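Heads up, the thing below is written out as structure tokens.
In what follows, every chain begins at residue 1, and chains take the letters A, B, ... in the order their sequences are listed. When reading the values below, keep in mind they use all heavy atoms of this one structure, side chains included, and skip hydrogens, waters and symmetry mates. Everything quoted here is computed from the prediction, not taken from an experiment.
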2 protein chains.
Amino acid sequence: MTRWLDEEERTAWLRLGGVLELLPAALDSQLRQDAGLTHFEYLVLAMLSEAPGRTLRMTALATRTNATLPRLSHVVRRLQERGLVDRLPCPEDARATNARLSEHGWSTLVASAPGHVDAVRRYVLDALTPEQVGQLAEIAGAVLQQLDPEGRFASTFTGRGPATAG
Amino acid sequence: MTRWLDEEERTAWLRLGGVLELLPAALDSQLRQDAGLTHFEYLVLAMLSEAPGRTLRMTALATRTNATLPRLSHVVRRLQERGLVDRLPCPEDARATNARLSEHGWSTLVASAPGHVDAVRRYVLDALTPEQVGQLAEIAGAVLQQLDPEGRFASTFTGRGPATAG
DNA sequence: CCGTGTTAGTTGTAGAGACAACTTTGTCGC
DNA sequence: GCGACAAAGTTGTCTCTACAACTAACACGG
């Protein structure tokens, strides 16, 4: 038997739904205008930039970006066509492909990072109290746990414990 | 000068990013499998079902679903082609179009609602304490305020005050 | 090593959204 | 009541994503 939502649950859910709809659109729009990148493309470049040798295997990159492999494959191909990443066969496993951030990709990322971080602050963090930032980390962590029980996309968990110890 | 994210902000943001990516996909997937609807299509039907006469003008429906008008126009046309809604010219304003939930649309919605609510519980609400549900409403409300300062999509605000009074 | 199954990734195709251009109707000043 | 501007939708095009089918390479039991 389905238990329906009470008033408070409904409010929380409707508002979350609004954020789910509007926030990605807002972030995409800012990055598109200022840098010619989608939010997802930005994320791909950012994750590569933090990897050793600015290089990751497709599967590892898919994990870090919460993406499926087919989606990532298309995106990386397009990024390569634009000269932002290189694709190299992996020496240790001939099935695998390494994606590496190119010099052009690096400078594109460096140029667009401030605007993106500003947008994240403007839309999310600046609207919250420090306490709420901690609560958000807890809540989002709990939801991720449901969405991804096996931890397939676990890169954003820094452990099962609270984001803010104590 | 851009202020970068500290550890706690970064954790919160990365986790929120994961939710933004995975939750819509999970909800879409459930509804597609069980009801042949996208989450957005479900929302359109649900909003119509709560309106007087199960009818809304396109603009009002766009507001309630956080959608742009072009997007809504395409979706409603497809829903009409599938017999789930009717489109009627508005008598009071010849520019306007009224979308009305059909009998078939109503029964489709009724049939798919329990599965959808269960999914919302499973992925989100059941993972949170009652206190966290309140916090989520506050946080999502604050973010929506940034995303939509003029209140264009304000239907999900039940006022500027806290979701949980007191 | 040979067959079976698994893993890594790519590709084809079809559907959904973004954005801009456009049509039609209403509104308002004069 | 005419002309200019705003509002309400629609449509076309292009891009991106999902899903499924596919290829190629590894693993490993016999």
Item checked: Phosphate OP1/OP2 of D:dA8 contacted by B:Thr97 side-chain N/O (<4.0 Å) -> no

Next item on the list: Kindly say whether A:Gln135 contributes a backbone atom to a donor-acceptor pair with the side chain of A:Glu138 at under 3.5 angstrom?
Entry: no

Checklist line | Which residues share a ring-ring contact (aromatic ring centres under 6.0 Å, His included) with B:Tyr42, sequence neighbours left out | finding: B:His116

Notebook entry, point to check: Who pairs with B:Glu81 by side-chain contact (heavy atoms from CB on, under 4.5 Å), at least two apart in sequence or on another chain?
Noted result: B:Arg77, B:Arg78

Next item on the list: Can you figure out which of D:dG9, D:dC19, C:dA20 approaches the side chain of B:Met58 most closely?
Entry: D:dG9

Show me the protein contacts with nucleotides 4-7 of chain C, counting only N or O atoms at under 3.5 Å.
from  : atom 1 : to      : atom 2 : distance (Å)
C:dT7 : O2     : A:Arg95 : NH1    : 2.9

Margin query: Holding to side-chain hydrogen bond (donor to acceptor under 3.5 Å, both in side chains), I want the full list of residues that pass it with B:Arg121, two or more places apart in sequence or in another chain.
Written below: A:Glu9

Notebook entry, point to check: Which of residues 75-88 of chain B sit near DNA chain C, with a heavy atom under 4.0 Å from it?
Noted result: B:Val75, B:Arg78

Next item on the list: Would you mind reading off the distance between B:Arg71 atom CZ and C:dA16 atom C1', rounded to a whole angstrom?
Entry: 8 Å

Item checked: Between C1' of C:dG15 and CD of B:Glu41, the distance in whole Å -> 10 Å

Next item on the list: When you get a sec, tell me which of D:dA25, D:dA20, D:dA8 is the closest nucleotide to the side chain of A:Ala94?
Entry: D:dA25

Check: Does A:Thr68 place a side-chain N or O at less than 4.0 Å from the phosphate oxygens OP1/OP2 of D:dC19?
Finding: no

Check: How many Å lie between CG on B:Asp93 and P on D:dT10, as a whole number?
Finding: 12 Å

Next item on the list: Any ring pair (Phe, Tyr, Trp, His ring centres under 6.0 Å) involving residues 43-96 of chain A? Give me the pairs, sequence neighbours left out, ordered by first then second residue.
Entry: none

Notebook entry, point to check: Of the nucleotides C:dG26, D:dA8, D:dT17, which has the atom closest to the B:Ala96 side chain?
Noted result: D:dA8

Check: What integer distance in Å separates A:Leu69:CG from D:dC22:C1'?
Finding: 14 Å

Margin query: Holding to salt bridge (Lys or Arg N to Asp or Glu O under 4.0 Å), I want the full list of residues that pass it with B:Arg95, two or more places apart in sequence or in another chain.
Written below: B:Asp93

Checklist line | Minimum-distance nucleotide to A:Ser73 side chain [options: C:dG26, C:dT11, D:dT11] | finding: C:dT11

Item checked: Qualifying residues under salt bridge (Lys or Arg N to Asp or Glu O under 4.0 Å), relative to A:Glu50, sequence neighbours excluded -> B:Arg10

Item checked: Residues in contact with DNA chain D, drawn from residues 26-40 of chain B - heavy-atom cutoff 4.0 Å -> none

Notebook entry, point to check: Between atom CG in B:Leu72 and atom P in C:dC19, what is the gap in whole Å?
Noted result: 16 Å

Item checked: All salt bridge (Lys or Arg N to Asp or Glu O under 4.0 Å) counterparts of A:Arg87, not counting sequence neighbours -> none

Notebook entry, point to check: If only atom types and distance count, is the side chain of B:Glu41 paired as donor or acceptor with the main-chain N or O of B:Thr38 below 3.5 Å?
Noted result: yes

Check: Would A:Val110 and A:Val44 show up in the same hydrophobic cluster when neighbours are defined by side-chain heavy atoms closer than 4.5 Å?
Finding: yes

Check: Which pairs with one or both residues in residues 5-37 of chain B pass ring pair (Phe, Tyr, Trp, His ring centres under 6.0 Å), sequence neighbours excluded?
Finding: none

Identify all side-chain donor-acceptor contacts of residues 24-36 of chain B below 3.5 Å with residues at least two apart in sequence or on another chain.
from    : atom 1 : to      : atom 2 : distance (Å)
B:Asp28 : OD1    : B:His39 : N      : 2.7
B:Gln30 : NE2    : B:Asp34 : OD2    : 3.0

Next item on the list: Mind calculating the distance between NE2 (A:His74) and C1' (C:dT10) to the nearest angstrom?
Entry: 7 Å

